[in-house]
There are 2 protein chains.
Amino acid sequence: MAELAETMAEPSPGLVSTAIQAITRHIRSEGLAPGDPLPSEAAMTRQLNVSRTVVREAFRSLSAMRLIDMSAGRRATVAKLDTGAMSMVIEHGITTQQISVHQVYDVRRTIEMRTVALAALRRTEAEAAAIAQSAKLMRENFQNPEIVMEHDIAFHEAIAAASHNPVFSLIVTAFSGVTRRTWEIGWRTRSSNEDQLKMIKGHEDIADAILRGDPRLAVEHMAEHFDKSVKALLDAGIA
Amino acid sequence: MAELAETMAEPSPGLVSTAIQAITRHIRSEGLAPGDPLPSEAAMTRQLNVSRTVVREAFRSLSAMRLIDMSAGRRATVAKLDTGAMSMVIEHGITTQQISVHQVYDVRRTIEMRTVALAALRRTEAEAAAIAQSAKLMRENFQNPEIVMEHDIAFHEAIAAASHNPVFSLIVTAFSGVTRRTWEIGWRTRSSNEDQLKMIKGHEDIADAILRGDPRLAVEHMAEHFDKSVKALLDAGIA
DNA sequence: CCCTCAAACCTGTATGACAGGCTGTTATTG
DNA sequence: CAATAACAGCCTGTCATACAGGTTTGAGGG
């Protein structure tokens, strides 16, 4: 068996890629669920007939993508869905200037127009309350930009969660890092307190529409919110 | 300096995470672009004052996320934007049943309603031709499901590319793996050749609307296409 | 039956070694 | 002098070994 895998290996990819595939295949073929343990490194080493170095690099790679969880002394376990890898990819695209903040905002707008509608239709009472709470905390701390930002991010992530589609949550959360980098600019561009409070009012309107279960109104407010945000960024010279 | 980094390290995260951060920080602080070389493992080893084992696992992790490219003999280089990591995350979510195919399709629909509109507005002549070509190849090979599928995937990716927003391309491409897994089911569900050809006609209509630069019509056809595809999957019992 | 604790297992990191790929430089040859 | 071939040096890929420290488990004692 070991030899079979060895002879079947493609020319270039290297042993580590093979090991990664073996592990993911194991997860699938065994039907593992989040929290379930994977084979130990030693077991994998024997099974694949490669050194522990190779196996470790494979495990570590999957851990970096947050497909598995590793911690000292314990065996690796299958991980819950996590946005870690996606965030890294987006961040990488931004820092290497392969994608622009503006492009990210266009995607966010597209997605959040949908999440907000779904949230209005599917939200539980608790979710509606959490969304409204984030908006409320934005207002209460409006003189402290950093805190407002964190509640803003929580607000959008809460809406995505209320859409009851984890894929939306995944993507929205992956963009939060970009928001953290650009938020201050957008905030300062709203020069007056009045503008800033108006922006917070926009969030409250969205929360309200979701609470009332009115998707059309929610989408309308969300669109307005994004249009203003993008305009603020453009005014500040962010491409 | 080395000691400074050592004393500043957080308690648990481990040296590898620190090394990963150091590398990404290096990319950012040096303003590296895709193709630019990174420091050698030996250099990183000295700079961070850790073993080569740790540095290698860090490099390998970034390589797994496709943030850098590695190959024997050469130093690692900054990678072009790639969908590898995202695909893995989505696949992982599906195989561990944390997300459903239906949920992925809802996200795809949301995104592609936008990409198709942008494509109609922004496509170059070459892009419009490529999109139409994929549709044409679907028809020409309609008796061979696998080939039709590949052209179907290429069709949707071409539209995303024509949106001129790489983030959309990234996401759409990340979903292609899911499509490969479910496509056959949707195809077989369209029991008659007539249904299958109708579905291909839908693609041609989309391509046509894009060629004519009519976003409204393009969106309309895309919506119809997705609604039918989702219905086919539902009929087949895919949650 | 419960508590304690040590042995067994597991991961995290370090070190040294060697094979093989890549590159630039040098020496050879026409 | 120019083209080319050989080489040396650097780099990554893989392996073997060792040890520190965390986790689990079960045996033994109370």
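Remember, it's a predicted structure, so these values are computed and weren't measured experimentally.
Side-chain atoms of A:R52 and base atoms of C:dG12 include a donor and an acceptor less than 3.5 Å apart. Put simply, the side chain of B:T53 and the base of C:dA14 share a donor and an acceptor less than 3.5 Å apart.
A close approach under 4.0 Å does not occur between any side-chain nitrogen or oxygen of B:S51 and OP1 or OP2 of C:dT13.
One finds no salt bridge joining B:R122 and B:E127 here, because no Lys/Arg side-chain nitrogen approaches an Asp/Glu carboxylate oxygen to under 4.0 Å. Salt bridge status for B:R114 with A:D106: present, with a side-chain N to carboxylate O gap under 4.0 Å.
The side chain of B:L15 approaches C:dT13 more closely than any other nucleotide in the set C:dG12, C:dT23, C:dT13. The side chain of B:S40 lies closest to D:dC11 when the candidates are D:dT14, C:dT13, D:dC11. Comparing C:dT13, C:dT23, C:dG12 against the side chain of B:R74 picks out C:dT23 as the nearest. Closest to the side chain of A:R56, from the set D:dT12, D:dC15, C:dT13, is C:dT13. Nearest to the side-chain atoms of B:V16 among the listed nucleotides D:dG13, D:dT14, C:dT13 stands C:dT13.
Of the residues listed (B:T182, B:L233, B:L234), the one engaging B:H102 in a side chain to side chain contact (heavy atoms under 4.5 Å, CB included) is B:L234, and it is the only one.
The backbone N or O of B:Q103 lies less than 3.5 Å from a partner atom in the side chain of B:S100, making a donor-acceptor pair.
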